Amino acid sequence: MTKIRKAVFPVAGLGTRFLPATKALPKEMLTVVDKPVIQYVVDEAREAGIEHFIFVTGRNKTAIEDHFDVQVELYETLSRRGKTEILDRLEAMQPQPGQTSYTRQQVPLGLGHAVWCARELVGGEPFALLLPDMIMQSETGCLKQMVDLYEKSGGNVLSVEECDPGETHKYGIVGRGKDIHTGFEITSMVEKPKPADAPSTFYISGRYILQPEIFALLENQQTGAGGEIQITDAMLRLHAEQSFYAHVYKGRTFDCGSPEGFVEANLAFALQREEFRPYLKNFIRTLLPEVES
């Protein structure tokens, strides 16, 4: 069993749903409470034992690289002013030298193409793929839960959650086979099926553990929906040769690629913080008349 040491973060998206906020700022650097969205996802990967963080970037994304770099002047100023608490927090989030790599996706050809761009950095070992728009809230991180399943199952592991039966047309849906540990064996994968044609109500929710053979398939993968190279299409081909397992994630997922999910995440994560909860509870009570009117 090869340990999962590397994680890929596709961060080349333009963030058009957040314009004008993302005209000059990468959408991954928008803050949920006081941390950028991408920091939550990297923290989740670190908790799962990831040692090498691989970012597939695009133009105007240098702020992400700067965020994970050492800012000597800032650190020296905080130290000089005795701001040890915030300094300790920043240093705890700081990747060690050599732990981050960056590669460019020069053209926006889809998630599958972004993953393929990381092939040389990943090499011939299994890896995690985390969609940076999706941030998770649970006692144990989603990827850590998936790694626990992977260590028992091997193969490829996808995080899944249940959706309303009438909403299967919005998601990539998997077929359910025999149960294993925290999930089940995947028997099929269907992209956005009609409710009558859906093999289950379990949808893929933005976290993957994939074997390196996916890269050879992405190399010659034909474009799919939207004229893009879709990771699901390559996974379907890989499924013919390798086992896929679903980890049923228990927790909250926020799609921070949408304004609605972003607002929900800010509220949910702020309510988890002791210093914000009393104020927010009182403020929310003042808003209830507007909600109920």
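Heavy atoms only: backbone and side chains are in, while hydrogens, waters and symmetry mates are out. Quick caveat, the model's predicted, so the values are computed rather than measured.
- A salt bridge does not link Glu264 with Arg252: none of the charged nitrogens is closer than 4.0 Å to a carboxylate oxygen.
- A distance-only check finds a donor-acceptor pair linking the side chain of Lys61 to the backbone of Gly13 [under 3.5 Å].
- The side-chain heavy atoms of Leu149 and Ile180, taken from C-beta on, include a pair separated by under 4.5 Å.
- A 4.5 Å side-chain heavy-atom check between Val122 and Val115 finds every atom pair outside the cut-off.
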ring-ring contact (aromatic ring centres under 6.0 Å, His included) assessment of Tyr40 paired with Phe254: CA-CA 11 Å; Tyr40 286 91; Phe254 301 97; 9.7 Å; no
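- Summarising the local packing, NZ of Lys152 is surrounded by more than 12 heavy atoms from other residues, nucleotides or ligands at distances under 6.0 Å.
- The environment of Glu275 atom CD is dense: over 12 non-hydrogen atoms of other residues, nucleotides or ligands sit within 6.0 angstrom.
- Cation-pi geometry between Lys170 and Tyr203 is not satisfied (NZ or CZ under 6.0 Å from the ring centre, within 45° of the ring normal).
- Thr22 is not listed as a side-chain neighbour of Thr16, based on a closest heavy-atom distance of 4.5 Å or more.
- The side-chain heavy atoms of Leu19 and Lys23, taken from C-beta on, include a pair separated by under 4.5 Å.
- Residues Glu125 and Lys3 come closest through the heavy atom pair OE1-O, 4.4 Å.
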Please test Val41 against Leu131 for side chain to side chain contact (heavy atoms under 4.5 Å, CB included), starting from the C-alpha separation and ending with a verdict. CA-CA 8 Å; Val41 185; Leu131 302 191; over 6 Å; no
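- Within a 6.0 Å radius of CD in Glu139, no more than 12 heavy atoms belonging to other residues, nucleotides or ligands are found.
- No hydrogens or angles considered: nothing links the side chains of Gln230 and Glu191 as a donor-acceptor pair under 3.5 Å.
- Results of the side-chain hydrogen bond (donor to acceptor under 3.5 Å, both in side chains) test with Tyr249 over Ser138, Ser205, Ser159 single out Ser138 as the only residue that passes.
- In this structure, Arg273 and Leu280 have side chains that are not in contact, with every pair of non-hydrogen atoms separated by 4.5 Å or more.
- Residues passing the ring-ring contact (aromatic ring centres under 6.0 Å, His included) test with His113, sequence neighbours excluded: Trp116.
- Not one N or O on the side chain of Thr201 forms a donor-acceptor pair closer than 3.5 Å with the backbone of Pro165.
- For Lys144 and Asp148, the salt-bridge test passes: some basic side-chain N is under 4.0 Å from an acidic carboxylate O.
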Step by step, work out the side chain to side chain contact (heavy atoms under 4.5 Å, CB included) result for Glu161 and Thr253. CA-CA 9 Å; Glu161 299 178 50; Thr253 300; 2.4 Å; yes
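- In this structure, the side chains of Val8 and Leu210 stay at 4.5 Å or more apart for every pair of heavy atoms.
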Can I get a per-line list of side-chain donor-acceptor pairs under 3.5 Å for residues 66-76, giving both atom names and the distance, sequence neighbours left out?
residue : atom : partner : partner atom : Å
His67   : NE2  : Gln39   : OE1          : 2.8
Tyr75   : OH   : Gln94   : OE1          : 2.9

Would you be so kind as to tabulate the donor-acceptor pairs closer than 3.5 Å made by side chains of residues 239-248, with sequence neighbours excluded?
residue : atom : partner : partner atom : Å
His239  : NE2  : Ile186  : O            : 3.0
Gln242  : OE1  : Asn156  : ND2          : 3.0
Gln242  : NE2  : Glu213  : OE1          : 3.1
His247  : ND1  : Thr182  : OG1          : 2.8
His247  : NE2  : Gln145  : OE1          : 2.7

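- Between the side chain of Asp179 and the backbone N or O of Phe184 there is no donor-acceptor pair closer than 3.5 Å.
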Under the side chain to side chain donor-acceptor pair (under 3.5 Å) criterion, do His52 and Ser101 qualify, and how do the steps go? CA-CA 8 Å; His52 189 179; Ser101 296; 2.7 Å; yes
